[in-house]
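As structure tokens, the structure follows; a few thoughts come after it.
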Amino acid sequence: MNVSCDGNIVTVDGVKDFRLSQILECGQCFHFDKLDDEVYEVIAFGRAVKMEQSGGVLRIYGSSMEDYEGIWRPYLDMDNDYGLIKESVIKADSALQTAVNEKDGIRILNQDFFETLISFIISQNKNIPQIKQCVKNISHRFGDEVIGYNGEAFYVFPDVDRLHEVTEDELRECKVGFRAPYIMNATEAVYSGNVTKEKLDALDIEQARELLMTIKGVGEKVANCVLLFGLGRREAFPVDVWMKRIMESMYFDGKDTKKLEIEAFAVKKFGNLGGYAQQYLFDYARTTLFK
DNA sequence: AACCAGGTCGTGA
DNA sequence: TCACGACATGGT
């Protein structure tokens, strides 16, 4: 993989196991716009860049080399060998072959903890387009403006300090509905220092999940999404309605099964590959199997 | 017009 | 512990 920078454009040549559309649209992140096939505006970590993939070449417009090294390389999980991960997932259970083949360009992003926390609190009982709209509403209203590569203005997700100044009514105006008090509670928990990335990083996954679940509006599923996407805990295995469906059909003879039981089964079966297995299955279930 | 969406909470058995 | 309705919003 060769990385170069020309002006404000970073070119990553030789990306493998990488499909931008799959990475962004598999339901793990919500702050991006599709501009064209394999061309996206991505807003994260206080930046707005245009990413474009053609074959094995990824271009990031509006990024310095420093931003690539400090932000986009870790964000895109570039130092992880997904060829090996996919091999291991299939070795854990060959029944995942179809899902992995279908979604062979997925990578798990390393997203900002606070944005991930709030985004997945919003996600409950909403579909993905609605979640994206709420995240955009909050960012547009309370986030800092940044100028994208083409000169267009974008709004980054507000940090804890900024969101802490916002009232519940202002949140409701962003169409988050009954989740507004949950967002208030989560923001207070992080702002006050009761629940921080530093604390969570120092705990084992069970204790970290417990701490996250002290936040009102954060249950088992949301906590697992935050662990997986916002804290790099790849052994987390979130079970939502889609995962419930596909896991029941694959492993429980189509019978109605508790989400906790499904999660326990998966943790045992996939171990520290659980998060990856979950994401291949989730996207496959949602876009192909049960479409 | 009911039903559903990357759920969680409070309540009552 | 477990089942179940409520909760905002928008799309089919």
Side-chain angles (χ1 to χ4, degrees), chain A residues 22-32 99 103 106-109 111 113 115-138 140-141 166-189 195 209-231 233-234 236-250 255-264 266-267 274-291:
Chain A
Q22 290 180 357
I23 294 168
L24 295 173
E25 311 222 42
C26 72
Q28 60 176 323
C29 64
F30 307 103
H31 207 175
F32 63 89
K103 299 293 179 181
I106 284 182
R107 307 175 80 86
I108 304 289
L109 296 170
Q111 302 178 61
F113 161 66
E115 176 170 345
T116 305
L117 173 62
I118 303 302
S119 296
F120 278 95
I121 286 173
I122 292 167
S123 79
Q124 60 187 87
N125 218 44
K126 275 187 179 299
N127 55 37
I128 291 174
Q130 284 181 309
I131 303 164
K132 289 182 67 179
Q133 190 57 55
C134 289
V135 169
K136 179 168 282 191
N137 292 344
I138 289 173
H140 192 272
R141 175 116 187 228
V166 170
T167 68
E168 188 177 321
D169 282 342
E170 289 178 310
L171 283 173
R172 284 184 190 274
E173 288 165 14
C174 297
K175 302 302 175 187
V176 300
F178 63 84
R179 305 155 194 82
Y182 298 161
I183 297 172
M184 297 291 286
N185 186 253
T187 302
E188 179 62 34
V195 181
R209 183 162 40 228
E210 269 186 45
L211 181 55
L212 281 167
M213 288 172 66
T214 62
I215 297 171
K216 230 168 227 6
V218 177
E220 183 81 16
K221 190 272 174 183
V222 169
N224 278 325
C225 285
V226 175
L227 287 164
L228 178 56
F229 304 125
L231 293 165
R233 300 297 185 96
R234 301 296 203 251
F237 195 94
V239 180
D240 73 316
V241 289
W242 294 102
M243 286 306 295
K244 182 164 150 51
R245 277 177 207 163
I246 192 169
M247 291 293 286
E248 283 172 352
S249 77
M250 287 178 69
K255 288 201 296 275
D256 184 56
T257 308
K258 297 272 173 46
K259 288 179 177 179
L260 268 178
E261 186 181 343
I262 294 172
E263 183 188 346
V267 165
Y276 304 103
Q278 181 275 156
Q279 205 59 28
Y280 293 120
L281 288 173
F282 170 77
D283 200 25
Y284 175 66
R286 193 174 63 89
T287 64
T288 307
L289 188 55
F290 299 120
K291 193 166 181 296

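Throughout, protein chains are lettered first and strands after them, A, B, ... in sequence-line order, and every chain is numbered starting at 1.
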Task: Chi angles and distances behind the salt bridge (charged side-chain N to carboxylate O under 4.0 Å, His left out) call for A:Arg209, A:Glu263 - done: CA-CA 13 Å; A:Arg209 183 162 40 228; A:Glu263 183 188 346; 3.5 Å; yes

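- Comparing the same atom, P, in C:dA8 and in B:dT11 gives a spacing of 15 Å after rounding to whole Å.
- With sequence neighbours excluded, the residues that form a side-chain contact (heavy atoms from CB on, under 4.5 Å) with A:Thr187 are A:Phe114, A:Ile118, A:Val160, A:Leu163, A:His164, A:Ile183.
- At a threshold of 4.0 angstrom between heavy atoms, the contacts of A:Cys174 with the nucleic acid are absent.
- A:Gly217 comes within 4.0 angstrom of the backbone, heavy atoms only, and of no base.
- Remark on DNA chain B: of its neighbouring residues A:Phe229 and A:Tyr182, the 5'-side contact belongs to A:Phe229, judged by nearest-heavy-atom nucleotide.
- Contacts between chain A and DNA chain C, taken as any atom within less than 4.0 angstrom of a protein heavy atom, begin and end at C:dA3 to C:dG10.
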- [ ] Run the numbers on A:Lys126 and A:Arg179 for side-chain contact (heavy atoms from CB on, under 4.5 Å), then give the verdict.
- [x] CA-CA 11 Å; A:Lys126 275 187 179 299; A:Arg179 305 155 194 82; 3.3 Å; yes

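- Using a 4.0 Å heavy-atom criterion, one finds that A:Lys258 contacts the sugar-phosphate atoms exclusively.
- Across all strands, A:Arg172 comes closer than 4.0 Å only to sugar-phosphate atoms, never to a base (heavy-atom distances).
- Under the 3.5 Å distance criterion, with hydrogens and angles disregarded, no donor-acceptor pair is assigned to the side chains of A:Gln279 and A:Asp283.
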Task: Full working for salt bridge (charged side-chain N to carboxylate O under 4.0 Å, His left out) between A:Arg141 and A:Glu170 - done: CA-CA 9 Å; A:Arg141 175 116 187 228; A:Glu170 289 178 310; 3.7 Å; yes

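- Scanning atom types as modelled, no donor and acceptor separated by under 3.5 angstrom connect the side chain of A:Gln130 and the base of B:dG6.
- Nucleic acid contact for A:Gln133: none, since no nucleic acid atom lies under 4.0 Å from a heavy atom of the residue.
- Taking the P atoms as reference points, C:dG5 lies 22 Å from B:dG6, given to the whole Å.
- Remark: ring of A:Phe282 overlaps the six-membered base ring of B:dG6 in a stacked fashion, centroids less than 5.5 Å apart, planes less than 30° apart.
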